[in-house]
Amino acid sequence: MISITINGKRIETEENKTVLEAALAAGQYIPNLCHHPELKPVGACRMCIVEIEGLRGFPTSCTTMVRDGMVVRSETDQLKKLRRNLMWLYESEYQGTPPSGSQLEMVQKWTGTADFDMVHPQPAQRPIHDQDPLYVRDANKCILCGKCTRICQEVRGIGAIGISYRGIASQVTTAYELPLVDAGCKFCTACVEVCPAGAFYDKAPRLAAKEVEVEAAETGQPAERIGVDWDKWTKEEVVISCQTTCPAGIDVPLYTRLIAEGKFQDSLAVIREKVPFPHSLGAVCPHPCEAACRRGGINEPIAIRELKKFVGSLDDGSWMSRLTRRPDTGKKVAVLGSGPAGLTAAWFLRLAGHEVTVFEVMPKAGGMLRAAIPRYRLPSDVLDKEIGFIEKIGVTIETNSSKMTADKAFNLGYDAVFAAYGAPLGTKMGISGEDDPRVMDGLSMLKAVAFGQELNLGKRVCVVGGGNVATDAARSALRSGAEHVTMLYRRTRSEMPAFAEEVEACLEEGVELRLLVNPVGITATSDHLDVQCIKMELGEPDESGRRRPVPIEGSEFVIAADSLIMAIGQKTDVPDESKVPVSKRGRILVDDETQSTGTPGVYAGGDVVTGPATVIEAIAAGRRAAASIDRYLGGDGAIVDQSLFVRERENPYLGRQEGFAHQHRLEPAHLPAEQRIHSFDEVEIVYDEKTAMAEADRCLRCRLRLEMIPPADSTPGSDSAANGSV
Amino acid sequence: MNDRRETAAGRIMVCTGTSGISSGAEQVAAGLERELDSRNLRDAWHVVRTGDRGLFQDVLVDVIPPEGERVTYVKVKPKDVGTIVEEHLVGGQPVKRLAAGKRYDDFFATQQRIVLTNCGEIDPEDIDEYLDRGGYDALKQVLAMDPDALIDEVEKAGLRGRGGAGFPTGTKWRFARKAQGVSKYIICNADEGDPGAFMDRSVLEGDPHAVLEGMAIGAYAIGAKQGFIYCRAEYPLALKRLDIAIAQAKERGLLGEGIFGTDFSFDVSVVQGAGAFVCGEETALMSSIEGHRGIPRPRPPFPAQSGLWGNPTNINNVETFANVRHIVLRGADWYAAIGTESSKGTKVFALAGKVKNTGLVEVPMGTTIRQLVEGPGRGMAVKRLKPKAVQIGGPSGGCLPETIWDTPIDYASLSETGAIMGSGGIIFMDEKSCMVDVARYFLEFTVKESCGKCVPCRVGLKRMLEAINEIARGEGTLAHLDFLEDMAHTIQQTALCGLGQTAPNPVLTTLRYFREEYEAHIVDKKCPAHVCTDLIEFVVDEEKCTKCGLCFKACPAGAITWQKGEFAKIDQEKCTKCRSCINVCDFMAIR
Ligand SMILES: Cc1cc2nc3c(=O)[nH]c(=O)nc-3n(C[C@H](O)[C@H](O)[C@H](O)COP(=O)(O)O)c2cc1C
Ligand code: SF4
Ligand code: FES
């Protein structure tokens, strides 16, 4: 250690530090723009000039090494004047005002700006590169600190951008001004992170597409230039949007990277930190993360679900040894319903040391995963294996149980209850003739298929509806002997709520899709049904934003069918004596964050709260409930945030990879349609290792941006401000 | 290498440097050879192509007969070749009509040629000609010396770097010698980016071995084994002659392993410069040699500590190296006796502008500006016009008024005036030059050449240029002058490299010495030198007009009416403000 004096204050510092580093570490702020702790100093911005006794002129503190006994002044009148003049120069070429909170703005506030209103600067007009994915490069706001180009080269090892041209014409560009995708850019956006002036900025996230459209229309600004509205979005939401979009908050960036590195069991462990159903989710999750994935802004999103399925399929249980399991607490929890919400809560509560019993009225555990989702999408053994792990840690599952309520459970000695009944009842349309036994609701039909009950659908099956239950029913009907399946939907294909790939699969398998058609009555004859339909057209948008279908008068026609499946909705089935607040639609009302019903000790979650929703949302609710229940029972709720993989600072080096931006998403193989309709065999074939690793390698590694050393030292330190040197 | 050098009785020298060649010297040399061939005289005369001797735009031919006087011919044309051969070589009678006269003699009379001593005297492509004149003797002598003693000698001589900054060469060598490093490098800076400067080019073209020898001596002093010559690509002839010189020196064992039987080894490579002015700045130059963009970096660390690829490196200018052998051969005391207290030895200058003789001259340090004009320059080109100013040091130099032309040219005196030695460009101006325009001209150059790395230079110079343009258009205010001064000082004090730090000099010196000229532009909206077009009325001042009619003949737009014995008149409707009339009028009669 040596000591130097800055602005009259003695500070201790290590020897191999620059004056700027030493000053900042000691809370003596010196304005700086081109310095970054991860980069070699270049002395370009000239803001960090100081006076040093014994040295002539005004050396830059970022390039001057400390020496013992050095006497440094950073806020003399002369320095202040020079900095004000320099700031005037920056501003004279800068278009607009520096974004609030930016480093440039901070320095500007510190230095102030000279007033030279006698002259008339003529700043050059420079291009705004807004046609590239993810971020905008506005050369009119660039102050040429070069941090973007240096971080890209020195830290990331890519060098997609550099400073081109000379003098006043200098600009940050790609080689030959190629589009970023052709210039080797890997879109880690470290450049955006280090830009002090808002010249590089994030485009609005994909999920904000609607807002962008509105703003563009209102302001007349090109949509490509609209940046993130930081009042609405957090940095995590923008940068690691996959993870923040996942209802369960799975660490997608990490598990993807671990797959790319071939560390499959580690990857699995990371998923298992948040959910006990990696493989099942990998098979059926609607993957909202992929809609948010930043790679989707370049070409196609990472196949996040498929990758999850890949590692899920390799599950060797080795993660079990990493689990944190709290000692038994002696408390008992009853979980009502063995769907994903119930089992997830059971899983975490058991890990927290509570005794957990899951009550299930159906013959097998799994809820809708078992009863509604067909086996060709989610094979039984996958579900069995994952539920098996839950039982293995000591969760008791009572199947074929009678319908439980909170009261009954308390009477049986349980300390807390989690009601996760789901929404198990299919609904019908309320049209004439629907009581005929050949007219079924979708859920009952799927359940019958799931549990292997005899179904006499006949040869011609009509399915009404456009959601996932409808597609599941249609495809299951084909596999149950139907020769011709017709789907009737009252709007158009783009309004269908079913996953696009499911609709696609229906068509591949030969399902006839009749759009803008709605049944209005059924005439049952002894050997078939006459389904009276009417044609529809789209009118004004309804409250859901979709255009409302309206019947076309006089367009009635009849379809003959052997059976009709109505897959138009589901309902909850909350026992009357449950003593929990229930909405008019029959859904249990809870606090969004705690899943508490308000009745002490009674929590609820999953479809019974939300109405029919997704597996991942149910899991997320189960996880939240587990934390609350644990706290209710005297624990700290932290068990749901356990870590099964030790995180280390990621290697920030990415290196060049030719054609990276152009690599397309690798789709999994499917059984051929002719073959698959004859059985319930799984349709989608899981990736092989090579494909999985290649797909995972397409990841932009967005998380790296969050791991960059924050330019905390560019914040004016309170010390120097207190010294009155402002 | 050339047999005729030894066998031929007579010697004919043609100056075929870049300047000579552009005036037709190669045709003259080839013509001479053809003529000698056709007369079967080829073996009697050794035709030597030398570098330039410095006098601009001239073809010089020297005839040195086996007996009799050496005769120098000037302005020789190919058609004169026959006459010279016939009358002089065969007939023994020098051709009076072509012989050099007072103009030539005046040019050389007050020069003291040390660096340029071989330029125009030897064949630079024949190492033997260099060896004949004591070439590589200094290196041989040095190799028997202790490097520290050698450095003492150079220090005692008082040699300062000729690349611009004038840093003591011995001191620099000592830093590099002391620096710890696996390998050390020595670089010769031959980038010569100053517009109008060509001293380094002339030395490389005329006496390349002197530079190589100087480098080898420097390498021995600091402990380097590898040298680089960074030479601008726009100097093809210099590059060619360097390549030849290096090859010949290697052949003779004067470069390479175990030179003169010692264990000293030294090799030199030539690197072609990228052409930007800033690449002459030492850190940018090294970055360029390393294969990166030629962009300066802050010092310290100085090259001596961390230079090429992080190794201790010594970098000197061409002229600096060319001085070294003379110091070794003739001693530090001899050298130190030339020049002034602060500045020893001689300096090569490129005289340009409104003087009669332009070209390269080498004079002792301390020669005054006026001595340069009146000596080698032979006075101002247009007697009638008042001498006004001299720009010394190129685009980063200063503009000094005629009133202080008695200032001796040395580092200390120049810096007091606000100018710098620079690389030695000197431009003389008379009253037809506008100082606002001169400042603008040099700013335009530095704005164009700024590398753009640091804001004071990149943006500050541009803002200054805009302010000067406003003044030149008559849109300036007196506050503009405050702005210019304030910004000039800011740039001087905060720019990263020498380019930015010195770029405001032309503005600051013109403001210092010619403030009233700026004020005339601002307050009276007049350009006293009649240069700034926006402030010229384009009317004939009848008090000054001599009715000569030159303007009438010069006007391409037919806007001037004139008849013998009458004042010229300019038709404002037709005048395109092209300034042709002003350019030809030496009476400043058009205002
Ligand atoms: C913008 C700029 C351009 C320069 N150009 C040259 C040049 O062309 N030749 C040169 O010898 N030195 C040039 N220099 C000076 C060099 O940086 C360096 O000081 C010099 O080569 C050192 O050699 P010396 O000690 O022999 O003078 C330049 C400096 C600056 C700031
Ligand atoms: S002073 Fe000019 S040339 Fe030198 S580094 Fe700064 S911008 Fe580049
Ligand atoms: S010059 Fe030191 S921080 Fe920019």
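In the text below, chain A, chain B and the rest are named by the order of the sequence lines, each starting its count at 1. The analysis underlying the following values was restricted to heavy atoms, covering all of them including side chains, and did not include hydrogens, waters or symmetry mates.
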Residues of residues 487-496 of chain B within contact distance of chain A, non-hydrogen under 4.5 Å: M487(B), T490(B), Q493(B), T494(B), A495(B), L496(B)
Distance, nearest 0.5 Å, that separates NZ of K448(B) from CZ of R166(A): 11.0 Å
Contact class of I143(A) relative to chain B, heavy atoms under 4.5 angstrom: backbone
R67(A), CZ atom: more than 12 neighbouring heavy atoms under 6.0 Å: no
Test item: I168(A) and S450(B) side chains (from C-beta on) under 4.5 Å apart, heavy atoms: no
K525(B), NZ: over 12 other non-hydrogen atoms inside 6.0 angstrom: yes
F483(B) and W88(A) aromatic ring geometry - parallel, tilted or perpendicular at 30°/60° bounds: perpendicular
Best-contacting candidate, T446(B), V447(B), V455(B), against chain A by heavy atom pairs under 4.5 angstrom: V455(B)
Inter-chain contacts: residues 47-55 of chain A against chain B, heavy atoms under 4.5 Å: I49(A)
Rounded distance (nearest 0.5 Å) linking atom CZ of R458(B) with atom OG of S170(A): 6.5 Å
Partner chain B: residue of C45(A), P41(A), S92(A) with the largest heavy-atom pair count (under 4.5 Å): S92(A)
Sidechain-backbone polar pair: K453(B) side chain, V42(A) backbone, donor-acceptor under 3.5 Å: yes
Within 6.0 Å of OH in Y411(B), more than 12 heavy atoms from elsewhere: yes
Those residues of residues 465-473 of chain B, ordered by number, that approach chain A below 4.5 Å (heavy atom to heavy atom): E466(B), A467(B), E470(B)
Contact winner vs chain B - G43(A), P121(A), A114(A), C34(A), heavy-atom pairs under 4.5 Å: P121(A)
From R463(B) atom CZ to E93(A) atom CD, the distance as rounded to the nearest 0.5 Å: 4.5 Å
Positions in residues 291-304 of chain B that reach chain A, provided some heavy atom is under 4.5 Å away: R293(B), G294(B), P298(B), P300(B)
E15(A) atom CD, neighbour heavy-atom count above 12 within 6.0 Å: no
